[in-house]
Amino acid sequence: SAELKAEFPAYVNSLGLRDDNGTELTLEENGEGTFKDCTSLATIDLNKVTTLESNSNGTFENCSSLVDVKGLESVESVGNSVFKNCSSLVDANISSATTIGSEAFYGCEKLENVDVCESLESLGESAFAHCTNLKSMVIPEGVEGIDVATAFVGCVSLEKFVINNSDYKTVDGVVYSADGSEVVLFPAGLNKTEYFAPKGVVTIGTNAFYGAIYLTKVVANEVTEIGESAFRSSNILSFTGSNVKYIYHYAFADTSNLKNYDFTGVEEIGDFAFASSGLEKVVLTNSTSYLGVQVFNNCENLTSLSVSKKTTKFDYADVFYGSNNVKEILIEKANRSFKLVDGILYNYDMTVLYAVIDNNSKEIVIPEGVKKVATSAFYGNETIERVVFPESLKAIGAEAFYGCNSLKELEFKSEKAPILEGFYEENGLCYANFVHSINDGAIDVKLICGDDASYSSYIWKLYFSK
C-alpha cells in the first residue's frame, strides 16, 4: 500500500544496517538506496513491502550470503536486478509478484525452487539467466511478450519448462513458436542426446540450445537461419542442416566438441559464430558472401582451411584471430583474395602478410611491396631467427611476432620506423609486437635500421634498449 511504502525507508533506517566496510546502509524518503555488495547480509524481512523497485544499483545485488528472504511471497513486483547474483539464495516464493524485472534473479546459481504467481503479467529479459541449479519452471497464462530463451539462458540444469501461452507450444519438452516454424527453447538440462527438427521448422531461435549439456546430435534440414548464441556452450558433436543460409553471432561459440561443420550453401556467418569451437577444418564455399568479426576466433584445434574462388574477401588476421595452429591452406586457383607463396599467406596483391603457414626457414625476407605484417602473423613461431623487412613496410600488427623466442635479428629497410599496432588492456594501450609484451621489458634482439628519429621513439627504445 502507499502507506506502507511511505513507512519502509524509516523502518529500514531504524535497523542500523552496515555493509562489510562499516558504511551505514540507508534509504532515502523516495525509497532510493541499495544493499548492493553487502556480502554478509544473510536475512531480510520484507513483510511490510509490496514493491521492490528497480534502481540503478540493484537493491540486493551481489549479496552473496543472502539465504532467507522473509515476506517475499507478499511482494507484488520485483524490479530489475533486485536479487542479481545472490548466489546463496535457494528458494524464491514470488507467488504474488505480477511483474518480474530484467535480471531480477540473474546468476542466483543455487536457486532451485521458484513459485511463480498465477497472475504473472510480465517477465523481464534475463530474469532467471544463469540460475544454474534451477530444474523446472512453469509460466502461467497471461504473460505477454516474454523472451523465453533469453529469460532462462544459461540455466544448464533446466529439465522441464512449461509455458501456458498462445504464442508458444511445447512438444516432447521442447518449446516452439505457435506456428511451429521456430525452435524457441530446448531446456539445457533436457535429457536428450539427439534432436531431429520436426517438419516446418525453419529457424533456430536466439539462445535456443544454449548450454545444452546432454545434446550431441542435431538434424535440421529445413532450417535456414541459426540465431544468435543458439548452440553456444552446448556439448553438440554434430549438426546437419543442408539449407542453412544464415548463421548469426556466437551461434556455435564455445562448442569445444564440435569438430566439423559443412558450410555448403551458407551465405552469411556472424561475429564470433564459431569462436572457441572445436573445429579442425574449415571449407569456405562459393556461397559465402559475408564473414563477420573474428568468426573463427581462438579455434585451437583448427589446422586446415580451404577457400573457394568466389568466397567473399575477408581479413584473415581478424576472422581467424587467435587460431594460430593452421598449417594447411588450400586456395582455389581463380581466387582473387589471397596468395600462398613459399608457405606464407598474403592478400592477393601482396601488400599484407597475413600468416606463416608452412615455412620452417630460420630467415625470412619479406618481399618488397608488403606494407603491413598483420596481427599474429608469426605468432608462436619458434623457428624464425632473422627477418628482413622491405622498404615498403608501414605497419606491424599486434602480436605479429609474439612468442618468437628464437628471434635474434630484425633488419628494417624502410626509412621511417613502421607503426607498431597495440591493443587495449584495462590499464591502457599495450604493445606485444615482438617476442613478448612490452610490459615485460626489452627483448634481446639485434635491431638493424636507419638513423631516422622514428626508430628512437619511446616504444622502440623500450623494446630494443638492450
Side-chain angles (χ1 to χ4, degrees), residues 85 87-90 92 103 105-114 125-139 147-163 168 170-176 182-198 201 203-220 223 226-241 244 247-261 272-280 297-301:
N85 294 327
S87 54
S88 297
L89 192 63
V90 175
E103 299 189 347
F105 292 90
Y106 181 106
C108 294
E109 57 190 36
K110 290 186 179 179
L111 188 63
E112 290 183 15
N113 308 306
V114 178
E125 182 176 345
S126 301
F128 292 93
H130 302 287
C131 291
T132 54
N133 217 29
L134 189 63
K135 292 180 172 60
S136 66
M137 176 60 65
V138 178
I139 304 296
D147 185 342
V148 171
T150 301
F152 297 91
V153 66
C155 295
V156 295
S157 298
L158 191 63
E159 302 168 352
K160 181 182 178 181
F161 187 90
V162 177
I163 180 166
Y168 304 101
T170 304
V171 180
D172 296 330
V174 182
V175 181
Y176 298 87
E182 179 179 343
V183 186
V184 175
L185 177 65
F186 182 100
L190 186 62
N191 194 3
K192 289 186 177 182
T193 59
E194 297 183 345
Y195 172 78
F196 295 86
V201 173
T203 302
I204 295 176
T206 297
N207 297 323
F209 292 85
Y210 188 113
I213 57 175
Y214 299 108
L215 186 68
T216 58
K217 179 181 179 180
V218 173
V219 178
V223 166
I226 301 176
E228 187 171 338
S229 298
F231 291 94
R232 188 173 186 177
S233 300
S234 70
N235 286 323
I236 187 172
L237 292 171
S238 69
F239 178 92
T240 302
V244 174
I247 302 174
Y248 292 106
H249 306 333
Y250 296 95
F252 291 92
D254 304 312
T255 51
S256 58
N257 294 329
L258 185 67
K259 306 300 182 185
N260 299 288
Y261 188 95
F272 300 92
F274 290 87
S276 299
S277 68
L279 289 181
E280 297 175 348
N297 166 285
N298 199 34
C299 294
E300 296 181 352
N301 297 328

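What's counted below: heavy atoms across the whole structure, side chains too, no hydrogens, waters or symmetry copies.
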Residues Ser234, Leu215; criterion side-chain contact (heavy atoms from CB on, under 4.5 Å); working and verdict: CA-CA 7 Å; Ser234 70; Leu215 186 68; 5.8 Å; no
CA sep, side-chain torsions, deciding dist, call: Phe274, Leu258, side-chain contact (heavy atoms from CB on, under 4.5 Å): CA-CA 9 Å; Phe274 290 87; Leu258 185 67; 4.2 Å; yes
Looking at every heavy atom in both [X] and [Y], which two are closest together, and how far apart are they?
| X | Y | value |
| --- | --- | --- |
| Ile163 | Val148 | CD1-CG2, 3.7 Å |
| Tyr248 | Ala273 | O-CB, 3.8 Å |
| Gly227 | Ala251 | O-CB, 3.7 Å |
| Ser276 | Cys299 | N-SG, 4.2 Å |
| Val223 | Thr203 | CG2-N, 4.4 Å |

Verdict with reasoning, His130 to Tyr106, per ring pair (Phe, Tyr, Trp, His ring centres under 6.0 Å): CA-CA 6 Å; His130 302 287; Tyr106 181 106; 5.3 Å; yes
When rounded to the nearest 0.5 angstrom, what is the spacing between [atom1] in [X] and [atom2] in [Y]?
| X | Y | atom1 | atom2 | answer |
| --- | --- | --- | --- | --- |
| Ser277 | Ile236 | OG | CD1 | 11.5 Å |
| Lys160 | Met137 | NZ | CE | 12.0 Å |
| Thr150 | Tyr210 | OG1 | OH | 11.0 Å |
| Leu134 | Leu158 | CG | CG | 6.0 Å |
| Glu228 | Asn207 | CD | CG | 7.5 Å |
| Glu159 | Tyr214 | CD | OH | 6.5 Å |

Within the structure provided, determine whether [X] and [Y] are in side-chain contact (heavy-atom separation under 4.5 Å).
| X | Y | answer |
| --- | --- | --- |
| Val244 | Ile226 | yes |
| Thr255 | Tyr261 | no |
| Leu111 | Asn133 | no |
| Thr170 | Phe161 | no |

Identify every side-chain donor-acceptor pair in residues 182-194 under 3.5 Å, counting partners at least two apart or on other chains, and give the distances.
{"residue": "Lys192", "atom": "NZ", "partner": "Asp172", "partner atom": "O", "Å": "2.8"}

Counterpart residues, salt bridge (charged side-chain N to carboxylate O under 4.0 Å, His left out), relative to Asp147 (two or more places apart): none
Whether Phe252 and Phe239 hold their rings parallel, tilted or perpendicular, with breakpoints at 30° and 60°: perpendicular
Whether Phe152 and Phe128 hold their rings parallel, tilted or perpendicular, with breakpoints at 30° and 60°: parallel
Heavy-atom donor-acceptor pair, Thr132 side chain to Glu109 backbone, under 3.5 Å: yes
Enclosure of Lys110 NZ (heavy-atom neighbours >12, cutoff 6.0 Å): no
Between Asn301 and Glu280, a side-chain donor and acceptor under 3.5 Å: no
